[in-house]
**Q** 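Here it is, the structure in full.
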Amino acid sequence: MRRTVAALFLFGISFGYVEAAVVVYLRAIYDPIRARLHPERGPHDLFPLITPRELANTGPENAQRLGIEIGREAGTMLMLGAVAVGVARNLHQWIAAFAIAFGVWDISFYAFLKLMIDWPERLSTWDILFLIPLPWVGPVWAPVLVALSMIVCGLISLRAGGIRGRIPHWIGVLGGALVIIVAFVWDFRNTTAGGFPNPFNWPLFLFGEAIGLSSFVAAAWRARANRNAV
């Protein structure tokens, strides 16, 4: 257990550094474009985003880089899933290991960005989190809370050998995750069109967190009761 957790944390931290370094390189490419389009913005402001049309007008190579970035994000998920396969013995342990690696990677990413370029300025700073299938945006607080939840739940599940749960528990966990994703993409039409983000939908986000966490707790409680009964 200790070696497995150590491996997941080491991978998540090192991968977080790599991810932060990639973002530094991407900003070196795109910040001059943003500065030309929006000279009033601060040097670390991500919004308003460069619209797809604006990006295409800057040259075909930049539009191509957008496709490459989407592919990189998909590759990131595959890598996190792959390291989880390496330490798991069954599907439930794989889910737990993936949650731990993902959470550590996400938090490490922001920590290394802070060390490298002093960003984000605060946890309330807005970020563009993901591009698949739509742009996810939100204050840094939100993904950090999700990451912490994933780490804690993953550790609890991995320690138990992988919490199996019943179908209603899985529906609750997956449903909560879906609600959280909806909260992140809630304002995508506005932000994709080059607008400043509207206030984050915290009620929807916290509702998704509550559904997912309560479902996980119910599954963990049931699994513990079954072990004690045996």
Side-chain angles (χ1 to χ4, degrees), residues 1-16 19 73-111 123 129-130 132-133 136 138 140-186 201-230:
M1 174 68 181
R2 291 180 179 177
R3 186 172 65 178
T4 297
V5 172
L8 291 171
F9 269 72
L10 182 60
F11 179 85
I13 292 170
S14 58
F15 198 21
E19 186 86 359
E73 290 185 350
T76 294
M77 296 299 103
L78 289 174
M79 290 178 68
L80 291 169
V83 74
V85 169
V87 301
R89 301 175 185 173
N90 55 54
L91 174 63
H92 304 90
Q93 287 185 357
W94 176 83
I95 294 172
F98 177 84
I100 295 169
F102 186 102
V104 174
W105 158 76
D106 199 23
I107 292 175
S108 299
F109 164 71
Y110 285 116
L123 289 173
L129 314 174
F130 215 55
I132 304 173
W136 304 21
V140 174
W141 261 118
V144 168
L145 287 175
V146 172
L148 289 173
S149 300
M150 294 179 72
I151 293 171
V152 172
C153 293
L155 289 172
I156 293 172
S157 180
L158 198 62
R159 182 181 177 86
I163 294 174
R164 285 157 174 78
R166 292 183 169 181
I167 291 178
H169 299 140
W170 285 109
I171 292 175
V173 171
L174 295 175
L178 180 60
V179 171
I180 290 172
I181 292 173
V182 171
F184 283 132
V185 302
W186 189 262
N201 197 333
W202 280 109
L204 186 63
F205 172 85
L206 294 175
F207 179 62
E209 274 273 299
I211 293 174
L213 289 176
S214 60
S215 298
F216 174 82
V217 169
W221 187 268
R222 180 179 178 276
R224 181 179 179 182
N226 289 341
R227 288 196 302 270
N228 291 339
V230 174

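FYI, the numbering just counts along the sequence from 1.
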**Q** Evaluate the side-chain proximity of His92 to Ile163: yes if any heavy-atom separation is below 4.5 Å, no if none is.
**A** no

**Q** Rounded to the nearest 0.5 Å, what's the gap from CG on Leu206 to CG on Leu213? Could you check?
**A** 10.5 Å

**Q** So, do Phe15 and Thr76 sit near enough that their side-chain heavy atoms are less than 4.5 Å apart?
**A** yes

**Q** Minimum heavy-atom separation for Leu129 to Pro143, with atom names?
**A** CD2-CG, 3.8 Å

**Q** Could you pull out the closest heavy-atom pair between Leu158 and Ala96, with the gap in Å?
**A** N-CB, 3.8 Å

**Q** Could you walk me through whether Phe9 and Ile151 pass side-chain contact (heavy atoms from CB on, under 4.5 Å), step by step?
**A** CA-CA 10 Å; Phe9 269 72; Ile151 293 171; 4.2 Å; yes

**Q** Can you confirm whether Trp202 sits close enough to Trp141 that some side-chain heavy atom of one is under 4.5 Å from a side-chain heavy atom of the other?
**A** yes

**Q** Gln93 side chain to Gly161 main-chain N or O, any donor-acceptor pair under 3.5 Å?
**A** yes

**Q** Taking the side chain as C-beta and beyond, is there a heavy-atom pair between Asn90 and Arg164 under 4.5 Å?
**A** yes

**Q** Which atom pair, heavy atoms only, marks the closest approach of Phe98 to Ala84?
**A** N-CB, 3.5 Å

**Q** Going through the checks in order, is the side-chain contact (heavy atoms from CB on, under 4.5 Å) test met by Thr4 and Met1?
**A** CA-CA 5 Å; Thr4 297; Met1 174 68 181; 5.6 Å; no

**Q** With rounding to the nearest 0.5 Å, note down the distance linking CG in Leu204 to CD1 in Ile181.
**A** 11.5 Å

**Q** Give the ring-plane orientation class for Phe184 versus Trp136, where under 30° counts as parallel, over 60° as perpendicular and anything between as tilted.
**A** parallel

**Q** With a sphere of 6.0 Å drawn around CG of Leu91, does it hold more than 12 non-hydrogen atoms of other residues, nucleotides or ligands?
**A** yes

**Q** Return the OG to CD1 distance between Ser157 and Ile100, rounded to the nearest 0.5 Å.
**A** 8.0 Å

**Q** Could you go through Val185 and Phe130, starting from their C-alpha distance and side-chain angles, then the distance that decides it, and tell me whether this counts as side-chain contact (heavy atoms from CB on, under 4.5 Å)?
**A** CA-CA 9 Å; Val185 302; Phe130 215 55; over 6 Å; no

**Q** Give the table of side-chain donor-acceptor pairs shorter than 3.5 Å for residues 101-111, with sequence neighbours excluded, one pair per line with atom names and distance.
**A**
| unit_1 | atom_1 | unit_2 | atom_2 | d |
| --- | --- | --- | --- | --- |
| Ser108 | OG | Val104 | O | 2.7 |
| Tyr110 | OH | Asp127 | OD2 | 2.7 |

